[in-house]
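Written out below as structure tokens is the structure these notes cover.
We number each residue from 1, following the sequence as shown.
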Amino acid sequence: MADHSGPGHPVPVPEGIDSFPLDTGIVLVWLGLAVLYLAAGRGAVLRGRSGWPVRRTAAWLAGTGLGFVSTGPLARAAVDSFTAHTVVHLVLGMLVPLLLVLGAPATLFLRAVPASVGRRYSRLARTAPLRIGTHPVVATLLSTIPLALLYRDGAALGLAHHPVLGPLLHLHLLVSGVLFTYAVVGVDPNPHRAPAWLRGSAIVVGIAVHSVVSKHLSSLAGQGAVPPDAEQAAHLMYYGGDAVHVMLLVAFCAQVYRAAGRRLGPAARGAGAPLPGSAG
């Protein structure tokens with residue numbers, strides 16, 4: 001059993017685990033998601049439903065492309081570098097979920113399949129587990145509590161370096177990030193979408209928790225089992241997280257703005273506007 005009991009490696013790492021099959025599987029999953037999305041787009045065109053926004057395809061392909069950070073050189077560097085681990089955390093847990101959600105995969109799927117399949121999907125979307133998991137409060141708890149526990153000190157960071165637990169941690173970051181992002185700025189059909197004030201509050205709580213955890217981690221730099229580059233990693237987590245949160249807020253505000261415009265309607269929007277050709 002390998003000795004990784006130093007700072008940031010408190011969890012014993014078993015020897016003899018070949019990472020090649022796991023890395024290959026991860027690559028195939030991300031490639032498969034990209035191919036399935038493109039195939040769904042082609043299927044929608046064949047069904048006469050063209051006009052899919054290029055920005056959604058670009059968002060999905062960018063998200064699947066960035067998903068490769070969970071394997072390869074950066075993932076290997078994250079074994080010994082807390083800063084590299086933080087990059088993986090930000091990309092896989094925040095940026096990739098935002099891009100995947102903005103790709104609107106469920107909407108594209110519904111355009112590509114027959115109506116009977118679409119009705120079955122709609123029934124699935126209304127089931128209690130999905131309704132609960134995509135509620136902003138639940139999604140925020142799933143995203144923030146593990147984050148606070150993982151970075152409360154250096155002890156739990158060994159999970160990120162374990163050949164089995166590390167990939168599971170990455171999977172949790174991705175899934176919880178997708179649930180949270182879908183809950184607050186999801187563009188796919190959601191029969192139980194929460195009101196804007198609740199979704200906005202969830203974003204504010206997520207930003208606050210991320211900032212507190214980053215500052216707490218920075219304050220622990222140089223203590224106990226905390227890795228020596230913890231302060232640098234904490235700064236990256238703080239400012240990198242802010243950058244993704246800005247993108248999240250832009251998407252949220254744009255949705256609220258468009259929804260407000262739809263509620264007003266053309267007649268209401270034009271009620272206070274000057275008539276064409278009138279002075280003043």
Side-chain angles (χ1 to χ4, degrees), residues 8 63 66-67 69-70 78 82-83 85-102 129-160 162 165-186 190 192-221 225-227 230-231 233-253 255:
L66 289 173
V69 299
S70 55
F82 191 26
T83 304
H85 161 78
T86 304
V87 173
V88 175
H89 163 104
L90 290 172
V91 173
L92 198 62
M94 300 180 69
L95 185 55
V96 168
L98 177 60
L99 291 170
L100 294 182
V101 167
L102 293 181
L130 285 180
R131 190 169 67 247
I132 294 173
T134 56
H135 190 278
V137 174
V138 177
T140 302
L141 293 176
L142 290 175
S143 175
T144 56
I145 290 180
L147 176 73
L149 293 176
L150 180 65
Y151 298 114
R152 74 186 190 283
D153 55 31
L157 290 176
L159 295 174
H162 196 279
L165 301 179
L168 292 178
L169 175 63
H170 288 167
L171 181 62
H172 167 77
L173 288 173
L174 177 65
V175 173
S176 63
V178 168
L179 288 176
F180 175 77
T181 308
Y182 175 74
V184 296
V185 297
N190 185 347
H192 304 284
R193 189 178 303 281
W197 69 266
L198 183 56
R199 291 183 285 127
S201 300
I203 295 175
V204 171
V205 171
I207 293 173
V209 172
H210 206 270
S211 298
V212 169
V213 169
S214 301
K215 292 180 178 178
H216 170 70
L217 191 58
S218 179
S219 70
L220 294 178
V226 178
E231 185 173 6
H235 290 171
L236 178 61
M237 184 185 298
Y238 184 86
Y239 293 108
D242 277 355
V244 181
H245 283 138
V246 167
M247 290 186 274
L248 191 69
L249 285 170
V250 169
F252 173 75
C253 291
Q255 291 177 1

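Here Leu102 contributes atom CG and Met247 contributes atom CE; the two are 9.5 Å apart, rounded to the nearest 0.5 Å. With rounding to the nearest 0.5 angstrom, the CG atom of Leu179 is 13.5 Å from the NE2 atom of His135. Summarising the geometry, atom CE belonging to Met94 is positioned 8.5 Å from atom CZ belonging to Phe180; distances are rounded to the nearest 0.5 Å. If you take CG on Leu248 and CG on Leu95, they are separated by 11.0 Å, rounding to the nearest 0.5 Å. Put simply, CG on Leu66 and CG on Leu90 are 12.0 Å apart, with the number rounded to the nearest 0.5 Å. Interatomic distance, Thr144 OG1 to Leu149 CG, rounded to the nearest 0.5 Å: 9.5 Å.
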Show me the donor-acceptor pairs, under 3.5 Å and distance only, between side chains in residues 199-217 and residues at least two apart or in other chains.
residue: Arg199; atom: NE; partner: Ala194; partner atom: O; Å: 2.9
residue: Arg199; atom: NH1; partner: Val184; partner atom: O; Å: 3.0
residue: Ser201; atom: OG; partner: Trp197; partner atom: O; Å: 2.7
residue: Ser211; atom: OG; partner: Ile207; partner atom: O; Å: 3.0
residue: Ser214; atom: OG; partner: His210; partner atom: O; Å: 2.8
residue: His216; atom: NE2; partner: Arg152; partner atom: O; Å: 2.8

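Evaluation of the side chain to side chain contact (heavy atoms under 4.5 Å, CB included) rule for Val101 yields Val178, Thr181, Tyr182 as partners, not counting sequence neighbours. Residues satisfying the side chain to side chain contact (heavy atoms under 4.5 Å, CB included) criterion with Thr83, sequence neighbours excluded, are Ser81, Asp229, Gln232, Ala233, Leu236.
Counting only distance, with no hydrogens or angles, the side chain of Ser143 and the backbone of Ala139 share no donor-acceptor pair below 3.5 Å.
Within the 4.5 Å cutoff, no side-chain heavy atoms of Val175 are placed close to those of Leu142. With a 4.5 Å cut-off on side-chain heavy atoms, Val69 and His170 do not count as touching. Two residues are said to be in side-chain contact when any heavy atoms from C-beta on lie closer than 4.5 Å; Leu130 and His192 fail this criterion.
Ser218 approaches His235 most closely through the heavy-atom pair OG-NE2, 3.9 Å. Of all non-hydrogen atoms in Ser70 and Leu92, the two that sit nearest each other are CB-CD2, 3.9 Å. When every heavy atom of Leu141 is checked against every heavy atom of Pro146, the shortest pair comes out as O-CD, 3.6 Å.
In this structure, His85 has its ring center under 6.0 Å from that of Phe82.
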